[in-house]
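No hydrogens, no waters, no symmetry mates; every other heavy atom, side chains included, goes into these values. Residue numbers count from 1 along this sequence. Please read these numbers as outputs of a predicted model, since none were measured by experiment.
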Amino acid sequence: MEGFINFLKPPGMTSHDAVGLVRRVLHEKHVGHAGTLDPGAAGVLPIAVGKAARLIEYLDNVSKSYRAEMLLGVETDSGDDTGKVTEWAEDFEMPDIQKVESVFRDFTGNIVQVPPAHSAIKINGRRACDLLRQGIKVDIPSRRVEIHSLRLLEKDDKKRTLLFDVDCSKGTYIRSLCQDMGQALGIPSTMSFLVRTAVGKFQLSEAVSVEELKELGEGVLLNPEEYIGHIRRYNINPKRRNAFCNGLSSDDRSFDGGPCYQDKIILRVYAQNEFLGIGHYDRKNKTIVPDKVLVVNS
């Protein structure tokens, strides 16, 4: 049994709980997930089962999409509406659409943000949120992320909210984005709603619910190859198929990695349209090196 699951995580369930659910339903211990979702958030959570769990790391670099609501006038220590209020503004004028869209443009592209302390980011091997619960102060360094697009969907002056869609790179925290955009607007802000609508090719419209998972079982499993298409394909000489499957490198002096290719290029390796697994090109030794072999040698 192996494959990916496009799981629809409901609010209130942790990503770890989702993995446990899949293990129980499919009776498979080798299960992992890509891209942790906060317990209060809902949406797409890719889950890998069986041998496919070895491919889950290759989903880390794909772009992600979210629909979020930003509540103006309130800022919390967690960056969302579950946290302790740290700043409150009662009397303020809601910004007009032109001002909001101007701030959205300023936050589109490469930006620097500080992830929230109430997160699963590890500090010296321990999760920041766990340290905070123990009363230990944490200092999380800033990071550079990319916001591919920000689209305002609705401005509700009565509720004091902004509803928007965002496409972004891995490592982006929407809670931090809401707080930072609030500061740019001059109004304390926090995230009041979040649903992840896509992780790479995993789309919300195709995600399976808890009930569908229990009903369909193995029927929800997807072919992993279809979801790692962002990795470059490499067709190995069929005569070197067994060598690759045995963990042996293969020479390739004519590999074309482009004008500025890296010393190590990750590849999806095929032999006559049979997907063998993941390898990489070693520029120094001019060889194709196996990393994750997914087929049994014949």
Side-chain angles (χ1 to χ4, degrees), residues 1-66 119-122 125-130 169-173 194-231 245 247 266-269 274-280 290-297:
M1 182 192 306
E2 64 180 79
F4 285 159
I5 299 174
N6 184 0
F7 184 65
L8 175 59
K9 189 190 85 65
M13 173 184 283
T14 68
S15 300
H16 179 74
D17 290 340
V19 168
L21 173 66
V22 172
R23 283 178 177 149
R24 292 191 300 273
V25 171
L26 299 185
H27 307 289
E28 170 62 56
K29 65 178 180 178
H30 298 295
V31 180
H33 70 81
T36 300
L37 259 179
D38 290 338
V44 173
L45 179 68
I47 294 178
V49 178
K51 289 183 180 180
R54 302 179 64 202
L55 299 175
I56 202 73
E57 64 181 275
Y58 301 107
L59 295 177
D60 281 349
N61 292 323
V62 299
S63 296
K64 298 175 175 63
S65 300
Y66 299 88
S119 67
I121 287 179
K122 290 190 175 181
R126 301 180 63 188
R127 296 193 305 174
C129 56
D130 293 337
S169 67
K170 74 169 222 176
T172 303
Y173 276 85
L194 182 69
V195 59
R196 186 155 65 192
T197 56
V199 176
K201 290 186 177 181
F202 294 90
Q203 299 293 317
L204 181 64
S205 60
E206 301 169 353
V208 297
S209 65
V210 172
E211 292 74 19
E212 290 171 320
L213 171 66
K214 292 179 178 179
E215 178 183 352
L216 300 174
E218 293 184 34
V220 303
L221 293 176
L222 304 168
N223 184 349
E225 292 177 65
E226 298 179 15
Y227 296 89
I228 56 172
H230 57 285
I231 301 175
C245 294
I266 304 300
L267 304 166
R268 289 179 294 137
V269 180
E274 179 189 12
F275 178 49
L276 304 181
I278 303 294
H280 71 271
D291 292 323
K292 301 284 180 69
V293 178
L294 300 181
V295 298
V296 178
N297 202 359

Do side-chain atoms of [X] reach the backbone of [Y] as a donor and acceptor pair under 3.5 angstrom?
X	Y	result
N6	Q203	yes
H230	K201	no
T197	S65	yes
K9	P39	yes

Rounded to the nearest 0.5 Å, how far does [atom2] of [Y] lie from [atom1] of [X]?
X	Y	atom1	atom2	value
L267	I278	CG	CD1	8.5 Å
H280	I231	NE2	CD1	13.5 Å
I228	F275	CD1	CZ	4.0 Å
E2	N223	CD	CG	8.5 Å
L213	I47	CG	CD1	7.5 Å

Listed partners of [X] passing side-chain contact (heavy atoms from CB on, under 4.5 Å), at least two apart:
X	value
P11	A42
E218	M1, L26, L221
A41	L37, D38, L194
R54	K292, L294

Do you know the tightest heavy-atom contact between [X] and [Y]?
X	Y	value
A18	F7	CB-CE2, 3.7 Å
I56	A48	CD1-CB, 3.6 Å
L55	P224	CD1-CB, 3.8 Å
G43	V195	CA-CG2, 3.9 Å
G200	V62	N-CG2, 3.8 Å
L59	K64	O-NZ, 4.5 Å

>> With heavy-atom distances below 4.5 Å as the criterion, would you say the side chains of L45 and F202 are in contact?
In response: no

> Just wondering, do V295 and C245 contact through their side chains at under 4.5 Å, heavy atoms?
Replying inline: yes

> Restricting to pairs with a member in residues 16-32, which pass side-chain hydrogen bond (donor to acceptor under 3.5 Å, both in side chains), not counting sequence neighbours?
Replying inline: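 Output for this query lists T14-D17.
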
> Given E212 and L8, is the side-chain contact (heavy atoms from CB on, under 4.5 Å) satisfied, shown in steps?
Replying inline: CA-CA 10 Å; E212 290 171 320; L8 175 59; over 6 Å; no

>> Run the side-chain contact (heavy atoms from CB on, under 4.5 Å) test on H33 and V22 for me, step by step, so that the C-alpha distance in whole Å, both residues' side-chain angles and the decisive distance to 0.1 Å come before the verdict.
In response: CA-CA 10 Å; H33 70 81; V22 172; over 6 Å; no

> Who are the side chain to side chain donor-acceptor pair (under 3.5 Å) partners of E215, not counting sequence neighbours?
Replying inline: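 E215 satisfies side chain to side chain donor-acceptor pair (under 3.5 Å) with no residue once adjacent residues are dropped.
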
>> Does the plane of the ring in F4 sit parallel, tilted or perpendicular to the ring in Y227? Use 30° and 60° as the thresholds.
In response: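 Ring orientation of F4 relative to Y227: perpendicular.
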
